[in-house]
Amino acid sequence: MNTPESEPEHVDFIRKIINDDISSGKNDGKVVTRFPPEPNGYLHIGHAKSICLNFGIAAENNGVCHLRFDDTNPEKEDTEYVESIMDDVRWLGFDWGSNLFYASDYFEQLYDWAVQLIKAGKAYVCDLTFDEVREYRGGWNKEGKDSPYRDRSVEENLDLFARMRAGEFKDGEKSLRAKIDMNSSNMNLRDPAMYRIRHQHHHRTGDTWCIYPNYDWAHGQSDSLEGITHSICTLEFEDHRPLYDWYVESLGIHHPQQIEFARLNVTHTLTSKRKLLQLVEGGHVSGWDDPRMPTISGLRRRGYPADAVRDFCAHTGVTKFNGMTELALLELYVRGSLNKTASRAMAILDPLKVVIENYPDDESEMRQAHNNPEDENAGIREMPFGRELYIERADFMEDAPKKFFRLTVGREVRLKNAFFLKCNEVIKDDAGEIIELRCTYDPETSGGKAPDGRKVKGTIHWVSAKHAVDAEVRMYDVLFPEEKAGSAPEGVDWLETLNPSSLIVKNAKVEPSLVGAEVGSSYQFERTGYFCVDKDSSVDSLVFNQTVGLKSGYKPPEKKA
RNA sequence: UGCCCGAUAGUGUAAUGGUAGCACCCCGGUUUUUGGUACCGUUAGUCUAGGUUCGAGUCCUAGUCGGGUAACCA
């Protein structure tokens, strides 16, 4: 018990349950979990947490985690989604091995089990219309009424159900319902639907079925069939658990344990499939993989490393408390991962020309730069330096305050990996806009230090104007300025709460070594942030996405009124 | 309005009934050829009221607040 180097290793309540089950010998000590998405959309950050939980728990306990497509509703499902979901799970770093399943593979078994329930007098064919069913069900404070078809004989039910399957009835004309309790305080138990008639093509079973099982009827039985031991889902299914239990117990089959945890909510981030779809269809974003989208494919295109997403999920905790995790936590892990792996590069997002008056007109030289100060093995690269440079506009200021450690007239700064630079004169256009800085450099400071020992407070980055390459840089901000994304005050369309400047495109000047950078690769633009090469990039036109900015300890001086 | 679930620093998350801890954010400092990283530090918490107990964040009762829930969706 007293582990020698006992870290305060905290286990969440789900892992606690599972540990207890293992030590008590339940399920022969085995652990089988599952991730059961419906293939009707793209996976998002919320799914990532569920994936990490289910695959993580299985791996920790020498168990397996199944990937199962919950494809019981042909109206909304498609193989396109099946593919993207598999892609996303793999990208996240998980492997289901041979454990790939589809609820639709169980349609025949489910049908047989439904027959079994009918024979046991626990299910019946109901002729009530959709609206009538709702009316008969009653409400929270309204008693339910038994369906007039509730007491049909087993024989009649069997016959009718067979004919439902055979396609004798139109959509919605009949349904198969479980006979439970029309006055239960839990609405899910007021004779829930097991089958509905849908003459609809299914992406896997084609046209062999015209009746399809509902979620509750399909899910627990699929779990049971696969030998799932712990069926982990989100809180909104808590009220479904009694029904889940009722079905497996009525059937007398293996009984997996359903455990619910709180869905992941992230500030400024939307996880409603419906609203996400509206963003895409309304053209508010460029697609499901728009770098501003919380989809896994969006995060990937944005440049978020998979290990950062995993770390984030692992550190948000597993509880039944419905909270809101700050986006800052995700960004912490993104920066942490990228800091160790991303090559550094110099890029000027808002170029301001600098002319070094004492540097020979037609000369240039190569300067050496570390690819990654965090990684000795990352090596060194060379970048050209010359008489004309670009620096960031924000790195120069007239009438700068004392705390401004960058360039201003008469003050000296260090050009990273190069020399000390002093500004002598500011050139403006007719509109008073600064268009050029006339400067001098000190050739003696080539090592970045002055032989006479004088110091500079700031170091800024630069690119050689003559050698720099143009690049499109897409700067992203949150889609929703409000912490609770997608919520709007009464009478206001939630789409109006969209951040109008969530995307800003810059025409940047970047160092020439970036030419040919591979799509998807990440860089740290020094002093600016992390960026990755977008798929829109080509050999002659570079396109970068800002993944996340660097943390900045610098507070811009107070604006003078 | 019924039922179910929840409530610990600003945020998220720990604590066999026995010293309320950790991380993020914020703020400050040291180091630094990135105002980055790393390191150090400051601020700040058990929803309320009763009860059980030597002792309650933890157990009980009531209340308050928050979330979920009435599809032939999942």
Side-chain angles (χ1 to χ4, degrees), chain A residues 8-12 36-38 40-41 70-73 75-77 103 126 128-130 133-134 137-142 144 171-177 184-188 190 192-198 211-216 218-219 233-242 260 262-263 265 267 273 315-333 335-336 339-340 344 346 369-370 373-374 403-406 413-418 420 445 447-449 456-461 483 524-530 549-555:
Chain A
E9 185 91 10
H10 302 130
V11 281
D12 57 71
E38 182 188 14
N40 70 343
D70 218 340
D71 54 353
T72 58
N73 184 1
E75 288 176 12
K76 311 199 253 175
E77 296 155 8
C126 183
L128 255 26
T129 64
F130 182 90
V133 167
R134 179 155 33 85
R137 184 160 31 239
W140 288 325
N141 262 340
K142 241 177 49 206
D171 286 9
E173 214 172 297
K174 287 183 168 28
S175 63
L176 185 73
R177 298 223 263 159
S184 172
S185 56
N186 182 342
M187 289 296 157
N188 292 117
R190 317 253 267 221
M194 295 168 65
Y195 276 95
R196 71 281 208 176
I197 301 174
R198 282 296 115 86
I211 58 173
Y212 292 94
N214 286 79
Y215 166 83
D216 290 292
H219 201 96
C233 61
T234 42
L235 246 30
E236 68 268 27
F237 292 102
E238 261 177 330
D239 288 346
H240 290 245
R241 188 173 359 115
E260 311 87 10
R263 185 183 279 287
N265 296 305
T267 56
K273 259 188 196 176
H315 286 86
T316 51
V318 180
T319 64
K320 302 187 78 154
F321 174 67
N322 237 305
M324 179 84 82
T325 301
E326 286 173 345
L327 185 59
L329 192 66
L330 212 205
E331 295 184 335
L332 170 84
Y333 293 109
R335 290 195 191 96
N339 180 44
K340 293 190 217 89
R344 313 287 123 129
M346 301 246 218
H370 284 98
E374 304 293 313
K403 285 295 193 52
F404 187 79
F405 300 152
R406 309 174 186 186
V413 293
R414 173 167 38 230
L415 292 171
K416 173 114 180 159
N417 302 315
F420 282 12
T445 56
K449 289 195 169 64
V456 289
K457 294 287 270 190
T459 301
I460 66 172
H461 57 113
E483 286 209 333
Q524 184 198 91
F525 289 173
E526 288 203 67
R527 301 209 305 131
T528 305
Y530 294 97
L550 249 30
K551 265 185 79 168
S552 174
Y554 172 64
K555 309 278 173 301

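Below, chain A is the first sequence line, B the second, and so on; all start at residue 1.
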Report summary line: The reported gap from CD in Glu173(A) to SG in Cys126(A) (rounded to nearest 0.5 angstrom) is 12.5 Å
Requested in this report: Quote, to the nearest angstrom, the P distance that separates rG29(B) from rG50(B).
Outcome: 45 Å
**Report entry** Non-hydrogen atoms of Gly549(A) and Arg335(A) that approach each other most closely
**Finding:** O-NE, 2.7 Å
**Report entry** Aro-ring/base stack Phe405(A)-rG35(B), d under 5.5 Å, angle under 30°
**Finding:** yes
**Report entry** Check: His240(A)/Tyr215(A) side-chain N/O donor and acceptor closer than 3.5 Å
**Finding:** no
Query - Integer angstrom distance from the P of rG57(B) to that of rG18(B) - result: 10 Å
Query raised in the report: Hey, does Met194(A) reach any base, or is it just sugar-phosphate, or nothing, if we go heavy atoms under 4.0 Å?
Result: nothing
Report task. Could you please name the partner base of rC22(B), counting Watson-Crick and G-U wobble pairs only when both distances are under 3.5 Å? Result -> rG12(B)
Query - Atom pair CZ (Arg196(A)) and CG (Leu176(A)), whose distance is rounded to the nearest 0.5 Å - result: 12.5 Å
Report summary line: Contacts of Arg241(A) meeting salt bridge (Lys or Arg N to Asp or Glu O under 4.0 Å) (sequence neighbours excluded), chain-then-number -> Glu260(A)
Report summary line: With the side chain defined as heavy atoms from C-beta on, Ser185(A) is closest, among rG36(B), rG2(B), rG6(B), to rG2(B)
Query - Rounded C1' spacing from rA70(B) to rC3(B) in Å - result: 11 Å
Query raised in the report: Paired with rU46(B) by Watson-Crick or G-U wobble geometry, both distances under 3.5 Å: which nucleotide is it?
Result: none
Report task. Assess whether one donor atom and one acceptor atom, taken from the side chain of Arg406(A) and the base of rG35(B), lie less than 3.5 Å apart. Result -> yes
Query - P-based separation of rC65(B) from rA56(B) [nearest Å] - result: 27 Å
**Report entry** rU69(B) - base-pair partner by Watson-Crick or wobble geometry, distances under 3.5 Å
**Finding:** rG2(B)
Query raised in the report: What distance, rounded to whole Å, do you find between the two P atoms, one in rC4(B) and one in rC26(B)?
Result: 42 Å
Requested in this report: For Lys403(A), report the nucleic acid contact type (base, sugar-phosphate, nothing); a contact means any heavy atom under 4.0 Å.
Outcome: base
**Report entry** Separation of the P atoms in rG55(B) and rG63(B), to the nearest angstrom
**Finding:** 26 Å
Report task. Run the salt-bridge test on Glu331(A) and Lys551(A) with the 4.0 Å N-O cut-off and return the result as yes or no. Result -> no
Query - Interatomic distance, Met346(A) atom CE to Glu526(A) atom CD [nearest 0.5 angstrom] - result: 6.0 Å
Requested in this report: Write down the distance separating the P atoms in rA20(B) and rA44(B), rounded off to the nearest Å.
Outcome: 16 Å
Requested in this report: Could you please spell out the steps behind the ring pair (Phe, Tyr, Trp, His ring centres under 6.0 Å) verdict for His219(A) and Phe237(A)?
Outcome: CA-CA 11 Å; His219(A) 201 96; Phe237(A) 292 102; 7.3 Å; no
Report summary line: Scanning all shown strands, the Watson-Crick or wobble mate of rU58(B) with both distances under 3.5 Å is none
Query raised in the report: Over how many whole Å does the gap from Lys340(A) atom NZ to rA38(B) atom C1' extend?
Result: 12 Å
Query raised in the report: Can you tell which of rG35(B), rG36(B), rC3(B) lies closest to the side chain of Phe404(A)?
Result: rG35(B)
Query raised in the report: What heavy-atom pair brings Lys457(A) and Phe405(A) nearest, and what distance separates the two atoms?
Result: CE-CE2, 3.5 Å
Report task. In whole angstrom, give me the gap between the C1' atoms of rG21(B) and rA15(B). Result -> 7 Å
Report task. Going 5' to 3' through nucleotides 21-26 of chain B, assign each nucleotide B (protein heavy atom under 4.0 Å from a base atom), S (under 4.0 Å only from sugar-phosphate atoms) or - (no protein heavy atom that close). Result -> ---BSS
Query raised in the report: Between Asn186(A) and Pro242(A), which heavy-atom pair has the shortest distance, and what is it?
Result: ND2-CG, 3.6 Å
Query raised in the report: Which is true for Arg241(A) with a 4.0 Å heavy-atom rule: it touches a base, it touches only sugar-phosphate, or it touches nothing?
Result: nothing
**Report entry** Partner nucleotide, any strand, of rA7(B) [Watson-Crick/G-U, under 3.5 Å]
**Finding:** rU64(B)
Report summary line: Per atom distances to the Thr319(A) side chain, the nearest of rU34(B), rU13(B), rG12(B) is rU13(B)
Report task. Please round to the nearest 0.5 Å and tell me the distance separating atom CG of Asn188(A) and atom CG of Asp216(A). Result -> 6.0 Å
**Report entry** Complement of rC39(B), any strand, by Watson-Crick or G-U distances under 3.5 angstrom
**Finding:** rG29(B)
Report task. If a protein heavy atom is under 4.0 Å from the base, mark B; if only from the sugar-phosphate, S; if neither, -; do that for nucleotides 63-74 of chain B going 5' to 3'. Result -> ----SBBBSBBB
Requested in this report: Identify whether any heavy atom of Gly553(A) sits under 4.0 Å from a base atom; if not, whether one sits that close to sugar-phosphate; answer base, sugar-phosphate or nothing.
Outcome: sugar-phosphate
